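Computed from a prediction, not measured in an experiment: that's the story for all the values here.
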Amino acid sequence: MKPFKQGDFSRYCSVYSTLNSLQALKIKLKSKQWQQLYDHLIYGINYFDALYEINTYGADHKRLEVIFQYANEWLERHCKQRLIIHRPFWNKQLTLAEFIDYVKAQQTIGKVVHIRIKSKVTDHYTVIRHIAKDKICFYDSSDLPDIPLKNIEISHSKKYQICLRQVYLLSLEVVQTEYTANAHKKKCAD
């Protein structure tokens, strides 16, 4: 019998992919701080009364966005940064080639692409690390390090499907404190 891997039973890919997104955005935290952030996300899910639901079924896009909100709350308090979340394909259709071009362009300007990918056996949130000539590579919490491009489609299929409506473009911005806001006002008045 093979050993179990995180993700085989746990349905917390929404939490882990959120943490992986922050790593991809180059948030620098000590191990203890990462643990505090993880604990804050789990507390938030529990407070929102969604812990049982996520344990049983995993997170839908609404639950994922709640996790993003709790991550944002923690980041603002402890890092003075805010997570900017954009869903670029909520009502758009495009080809896999167009999607790949979009991801590459966004990554060159420091943005992170967080996706939901599905197949017959997988329904998983993950973060795109990079796109090679023949595969998409992920920051991942289970045993899905990459998928060959020939096995990915945008429309529903027997292969892996990228759920366009659940593609999130993530970036960070500095939260203005009262001090930085006053300094900015003074600079603008000069």
Side-chain angles (χ1 to χ4, degrees), residues 5-7 11-29 34 37 41 54 58-72 74-76 79 81-175:
K5 296 180 180 176
Q6 190 284 319
R11 293 182 177 92
Y12 283 97
C13 61
S14 53
V15 173
Y16 285 97
S17 61
T18 299
L19 296 173
N20 289 336
S21 292
L22 297 175
Q23 281 192 339
L25 286 167
K26 304 203 182 343
I27 291 283
K28 302 291 184 206
L29 299 175
W34 282 111
L37 174 54
L41 298 180
I54 289 175
D60 62 7
H61 72 278
K62 291 178 185 177
R63 296 295 186 233
L64 176 66
E65 290 173 15
V66 167
I67 293 166
F68 285 160
Q69 288 173 357
Y70 278 99
N72 227 351
W74 193 91
L75 287 170
E76 286 185 29
C79 301
Q81 294 189 61
R82 179 179 299 123
L83 189 61
I84 305 302
I85 304 157
H86 177 63
R87 290 174 77 178
F89 308 121
W90 179 249
N91 285 319
K92 293 182 183 175
Q93 289 296 320
L94 56 143
T95 66
L96 181 59
E98 291 169 326
F99 176 77
I100 289 168
D101 290 343
Y102 179 84
V103 169
K104 287 180 177 180
Q106 296 305 309
Q107 288 181 322
T108 61
I109 57 174
K111 296 189 178 182
V112 169
V113 182
H114 184 284
I115 66 171
R116 181 177 181 190
I117 194 156
K118 292 172 38 174
S119 73
K120 282 185 174 180
V121 296
T122 302
D123 189 351
H124 188 60
Y125 287 110
T126 188
V127 181
I128 296 176
R129 180 182 300 266
H130 71 277
I131 300 176
K133 183 173 75 169
D134 61 343
K135 62 185 173 182
I136 296 181
C137 302
F138 305 105
Y139 288 96
D140 210 354
S141 57
S142 71
D143 59 346
L144 191 66
D146 57 58
I147 300 173
L149 289 175
K150 66 181 181 182
N151 293 338
I152 297 176
E153 293 188 8
I154 298 296
S155 61
H156 183 67
S157 71
K158 294 180 182 177
K159 297 180 180 186
Y160 289 96
Q161 175 195 2
I162 295 173
C163 303
L164 283 180
R165 292 175 66 109
Q166 293 182 48
V167 170
Y168 295 86
L169 185 63
L170 305 174
S171 59
L172 291 171
E173 73 177 10
V174 174
V175 175

Next item on the list: Please step through side chain to side chain contact (heavy atoms under 4.5 Å, CB included) for the pair Leu170 and Val127, ending with a clear verdict.
Entry: CA-CA 10 Å; Leu170 305 174; Val127 181; over 6 Å; no
Margin query: Go through it in stages, so that I can follow the logic: the residues are Phe99 and Val167, the test is side chain to side chain contact (heavy atoms under 4.5 Å, CB included), and I'd like the CA-CA distance, side-chain angles, deciding distance and then a yes or no.
Written below: CA-CA 10 Å; Phe99 176 77; Val167 170; 3.9 Å; yes
Note to self: His130 vs Lys104, test: side chain to side chain contact (heavy atoms under 4.5 Å, CB included). Steps then yes/no.
What the structure shows: CA-CA 8 Å; His130 71 277; Lys104 287 180 177 180; over 6 Å; no
Notebook entry, point to check: Is there a side chain to side chain contact (heavy atoms under 4.5 Å, CB included) between Val103 and Ile115 once you walk through the steps?
Noted result: CA-CA 11 Å; Val103 169; Ile115 66 171; over 6 Å; no
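Side-chain contact between Trp74 and Leu41 is absent, with no heavy atoms from C-beta onward closer than 4.5 Å. A heavy-atom distance below 4.5 Å is found between the side chains of Leu64 and Tyr168. For the pair Val112/Asn20, no side-chain contact is recorded, criterion being any heavy-atom separation below 4.5 Å from C-beta on. No side-chain heavy atom of Thr95 sits less than 4.5 Å from a side-chain heavy atom of Ile154. Counting heavy atoms from C-beta outward, Val113 and Leu169 have side chains that approach closer than 4.5 Å. Using a 4.5 Å cut-off on side-chain heavy atoms (C-beta onward), Leu37 and Ile27 make no contact. The closest side-chain heavy-atom distance from Thr18 to Tyr70 is not below 4.5 Å. A 4.5 Å side-chain heavy-atom check between Leu75 and Leu172 finds at least one atom pair inside the cut-off.
In this structure, NE2 in His124 is found 14.5 Å from NZ in Lys118, a value given to the nearest 0.5 Å. Taken from CD1 in Ile67 to OH in Tyr12, the straight-line distance is 9.0 Å, to the nearest 0.5 Å. The distance from the CZ atom of Arg82 to the CD atom of Glu173 is 5.0 Å, given to the nearest 0.5 Å. The line from CD of Glu65 to CG of Asn72 is 12.0 Å long, rounded to the nearest 0.5 Å. Atom CG of residue Leu94 and atom CG of residue Leu96 lie 9.0 Å apart, to the nearest 0.5 angstrom. The distance from the CD1 atom of Ile109 to the OG atom of Ser171 is 8.5 Å, given to the nearest 0.5 Å.
A salt bridge is absent between Glu98 and Lys92: the closest approach of a Lys/Arg side-chain nitrogen to an acidic carboxylate oxygen does not fall below 4.0 angstrom.
Heavy-atom neighbours of Lys159 NZ from other residues, nucleotides or ligands within 6.0 Å: above the threshold of 12.
Summarising the geometry of Leu164 relative to Phe89, their closest heavy-atom pair is O-CB, 3.4 Å, with the distance given to 0.1 Å.
Remark: the backbone N or O of Arg165 is paired with a side-chain donor or acceptor of Arg87 at under 3.5 angstrom. Of the possible donor and acceptor atoms, one in the side chain of Tyr125 sits under 3.5 Å from a partner among the backbone N and O of Ala59.
Centroid-to-centroid, the aromatic rings of Phe68 and His114 come within less than 6.0 Å.
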